[in-house]
S.K.: 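After the structure tokens below, expect a handful of questions from me.
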Amino acid sequence: RAIVLSYTVAQAGLLIGGIDAVAPVLTNFFLVTYTLTNLAAALLALCGLPNFRPVWRLYSWQTSLLGAALTAGSMFFLNPLFALLTLALALALGVYIS
């Protein structure tokens, strides 16, 4: 069912306006993925969990938090409307899952 749903969503997006209409939405979803990854790394470091041991010697929680802020800022710089819609959808998905 997931493959059929993914295929249907992809085809609907392409039929609506071509690849140029879908590209900003995909860009925002990739940026929100990077934002949440950086935010998760910062929160794991701040909590001091023993199983979170990054091996990069220049890592700190500040760099992860800065990365999260910059990627979220770049979402709003590229297209504020799509950024708000993407964040609303990601928040709704998070509420639905939990």
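When a residue number appears, it is its place in the shown sequence, counting from 1.
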S.K.: For residues Leu85 and Leu89, determine if any side-chain heavy atom of one lies less than 4.5 Å from a side-chain heavy atom of the other.
M.R.: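 No - every pair of side-chain heavy atoms lies 4.5 Å or more apart.
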S.K.: Does a side-chain heavy-atom distance below 4.5 Å link Ser74 with Leu31?
M.R.: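 A side-chain contact under 4.5 Å exists here.
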S.K.: Could you tell me which non-hydrogen atom of Val32 sits nearest to which non-hydrogen atom of Met75, and how far apart they are?
M.R.: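 For Val32 and Met75, the tightest heavy-atom pair comes out as N-SD, 3.8 Å.
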S.K.: Before you tell me yes or no, could you show the steps for Leu70 and Thr35 under side chain to side chain contact (heavy atoms under 4.5 Å, CB included), namely the whole-Å CA-CA distance, both residues' side-chain angles and the distance that decides it to 0.1 Å?
M.R.: CA-CA 8 Å; Leu70 288 174; Thr35 301; over 6 Å; no
S.K.: Connecting only ILVMFWY residues whose side-chain heavy atoms lie within less than 4.5 Å of each other, what is the rest of Leu43's hydrophobic cluster?
M.R.: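 The other cluster members (ILVMFWY side chains, heavy atoms under 4.5 Å, direct or chained) are Leu39, Leu46, Trp61, Leu65.
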S.K.: Check whether any side-chain N or O of Thr63 sits under 3.5 Å from a backbone N or O of Tyr59 as a donor-acceptor pair, and report yes or no.
M.R.: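 No, the answer is negative, given that no donor and acceptor are paired below the 3.5 Å cut-off.
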S.K.: Hydrophobic cluster membership, with links at side-chain heavy-atom distances under 4.5 Å among I/L/V/M/F/W/Y: are Leu5 and Leu93 in one?
M.R.: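 Result: no, two separate clusters.
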S.K.: If Ile, Leu, Val, Met, Phe, Trp and Tyr residues are connected whenever their side-chain heavy atoms lie under 4.5 Å apart, and connections chain through other members, are Leu87 and Leu81 in the same group?
M.R.: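 Yes, one cluster joins them.
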S.K.: Give the cluster check for Leu84 versus Leu78: same hydrophobic cluster or not, with ILVMFWY residues linked at side-chain heavy-atom distances below 4.5 Å.
M.R.: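 Linked within one cluster.
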S.K.: Can you pull the side chain to side chain donor-acceptor pair (under 3.5 Å) pairs that have at least one residue in residues 84-98, sequence neighbours excluded?
M.R.: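 Applying side chain to side chain donor-acceptor pair (under 3.5 Å) to every pair that reaches into residues 84-98, excluding sequence neighbours, yields nothing.
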S.K.: Going from CD1 on Ile3 to OH on Tyr7, what distance comes out if it is rounded to the nearest 0.5 angstrom?
M.R.: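 Going from CD1 on Ile3 over to OH on Tyr7, the span is 12.5 Å.
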S.K.: For Phe76, I'd like to know if atom CZ has over 12 heavy atoms of other residues, nucleotides or ligands within 6.0 Å.
M.R.: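 Atom CZ in Phe76 is packed in, count exceeds 12.
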S.K.: Verify the neighbour count for atom CZ of Phe29: are there more than 12 heavy atoms of other residues, nucleotides or ligands below 6.0 Å?
M.R.: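 Enclosed.
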